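Structure provided below as structure tokens; questions to follow.
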There are 2 protein chains.
Amino acid sequence: MTAGPVDQTERRSGALLQFVARRMRIRSESVLAPLGLRPRHLVALTVLRDADGISQQGLASSLQLDGTNVVGLLNELESAGLIERRRAPEDRRRHVVRLTRNGAKRLNEAEYALAGAEDEVLGALGPAERDTLYDLLRRAARDTPVTCAEAAGCTEEDRPESY
Amino acid sequence: MTAGPVDQTERRSGALLQFVARRMRIRSESVLAPLGLRPRHLVALTVLRDADGISQQGLASSLQLDGTNVVGLLNELESAGLIERRRAPEDRRRHVVRLTRNGAKRLNEAEYALAGAEDEVLGALGPAERDTLYDLLRRAARDTPVTCAEAAGCTEEDRPESY
DNA sequence: CAGATGATTTGTGTAGCACCAACCATTTAT
DNA sequence: ATAAATGGTTGGTGCTACACAAATCATCTG
């Protein structure tokens with residue numbers, strides 16, 4: 001058996017994601033608190049920046065959060081003037097959720113403020129590597145195979161529940 | 001300044017980490033449940049695989065978890081035979097925490113079982129990209145600038161609480 | 001010997017959820 | 001038009017994962 005170690009371990013990113021995300025969240029909390037935000041607000045705003053005009057169900061599905069909790073989360077963001085809910089013209093039951101101009105601004109400010117937290121948690125990575133990480137996470141966050149079913153914008157023939 | 005759009009956004013990975021980690025955690029739960037494990041067990045085991053022979057305080061610091069909760073977590077893992085606590089010979093107050101052979105095996109099995117979950121969450125990334133992600137997260141998880149203070153193995157002149 | 005320190009146990013409290021039920025407003029099916 | 005389904009909202013319950021405090025024991029160190 002001249003062959004090498006044959007890829008001993010499984011190299012799953014799951015636990016590492018939990019690990020790094022927790023550290024980041026803990027540090028983020030103290031940075032965001034003075035801005036009147038909490039980590040999950042940032043997550044929601046970040047999702048909204050990409051999926052602007054999403055429905056609340058779409059948001060719930062994207063955030064993997066129960067619908068009733070999304071209501072509360074959006075209430076907070078709305079009363080802070082960071083997002084707005086409009087009724088969808090083509091189906092007035094639905095709410096179209098949008099980042100307000102102020103919301104986009106605050107999101108950017110918050111991200112700016114998080115530089116220190118990121119430095120602490122991703123200190124081992126250089127600028128180019130952090131960039132790569134950001135891009136990978138962004139793509140993983142956006143183009144999820146379940147996106148269609150989640151986005152709640154699908155016409156009707158959505159998915160044959162194949163997964 | 002003929003320069004272009006000047007790097008509009010801040011590109012912080014924090015929120016994306018929360019987002020992707022949450023999705024991964026939710027899927028992991030159902031995969032791990034039949035194995036008698038929960039996500040945080042996996043995280044602890046993963047840390048232990050790298051930092052074998054760490055003290056409980058070191059573990060608490062690494063996991064950013066309160067010491068008392070680490071006790072409970074380790075109790076679970078120990079009674080499942082996945083880790084063991086030995087007294088440190090040079091300071092018998094301390095416990096040296098080690099992955100048992102069985103623990104390493106179960107960890108690997110769990111990671112193997114998590115393939116499907118990872119496929120769902122990281123579906124947008126190709127194999128090479130997932131590998132890159134794994135490596136970046138791993139390095140971020142290991143070589144933290146605060147490692148010394150956290151590892152609790154530092155001689156004594158640890159850190160001048162500079163951070 | 002007198003503290004400090006690592007681990008453990010036993011609380012108590014809180015935040016972030018999931019889940020249920022009831023309720024509008026609106027849309028779609030009959 | 002009336003019934004049923006759907007999106008959103010509210011209020012409530014309960015669970016889990018923590019943080020934090022206090023008391024105990026074993027051990028180390030001054």
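Just so it is clear, the structure is predicted and the values come from calculations on it, not from any experiment. Each chain gets a letter, A, B and so on, in the order the sequences are listed, and its residues count up from 1. Excluded from the calculations below are hydrogen atoms, water molecules and symmetry mates; all remaining heavy atoms, backbone and side chain alike, are included.
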Q) In chain order, what residues pass the side-chain contact (heavy atoms from CB on, under 4.5 Å) check against Arg98(A), with sequence neighbours excluded? A) Asp52(A), Glu84(A), Arg86(A), Val96(A)
Q) Looking for any heavy atom pair under 4.0 Å, which part of the strands does Asp91(A) touch: base, sugar-phosphate only, or nothing? A) sugar-phosphate
Q.
Taking any atom closer than 4.0 angstrom to a non-hydrogen atom of chain A, what span of DNA chain C does the protein reach, first nucleotide to last?
A. dG16(C) to dT27(C)
Q) When you measure from every atom of DNA chain C, which of residues 72-80 of chain A have a heavy atom less than 4.0 Å away? A) none
Q. Are Arg130(B) and Asp119(B) within salt-bridge range, i.e. N to O under 4.0 Å?
A. yes
Q) Is atom CZ of Arg101(B) surrounded by more than 12 heavy atoms (other residues, nucleotides or ligands) closer than 6.0 Å? A) no
(Q) Heavy atoms only, 4.0 Å cut-off, all strands: where does Arg22(A) land among base, sugar-phosphate and nothing? (A) sugar-phosphate
(Q) Can you list everything that forms a side-chain contact (heavy atoms from CB on, under 4.5 Å) with Val70(B)? Sequence neighbours excluded, please. (A) Leu59(B), Ala60(B), Leu65(B), Leu74(B)
Q | Sequence-distant partners of Arg25(A), side-chain hydrogen bond (donor to acceptor under 3.5 Å, both in side chains), two or more places apart | A | Glu29(A)
Q | Any residue meeting side-chain contact (heavy atoms from CB on, under 4.5 Å) with Arg38(B), in chain and number order, not counting sequence neighbours | A | Arg40(B), His41(B), Glu76(B)
Q. Quick one: salt bridge (charged side-chain N to carboxylate O under 4.0 Å, His left out) partners of Arg93(A), sequence neighbours excluded?
A. Asp91(A)
Q) From the 5' end of DNA chain D to its 3' end, which nucleotides mark the outer limits of contact with chain B, defined by a 4.0 Å heavy-atom distance cut-off (strictly under)? A) dA17(D) to dC28(D)
**Q.** Close approaches to DNA chain C from residues 32-48 of chain A, in residue order (heavy atom, under 4.0 Å)
**A.** Arg38(A), Arg40(A)
Q: Applying side-chain hydrogen bond (donor to acceptor under 3.5 Å, both in side chains), name anything that partners Thr100(B), two or more places apart in sequence or on another chain.
A: none
Q.
According to side-chain hydrogen bond (donor to acceptor under 3.5 Å, both in side chains), who are the partners of Arg22(B), at least two apart in sequence or on a separate chain?
A. none
Q) With sequence neighbours excluded, what pairs up with Arg106(B) under the side-chain contact (heavy atoms from CB on, under 4.5 Å) test? A) Leu37(B), Leu82(B), Asn102(B), Glu109(B)
Q) Which comes earlier along DNA chain D counting from the 5' end, the contact point of Gln56(A) or that of Arg93(A), where each point is its nearest nucleotide? A) Arg93(A)
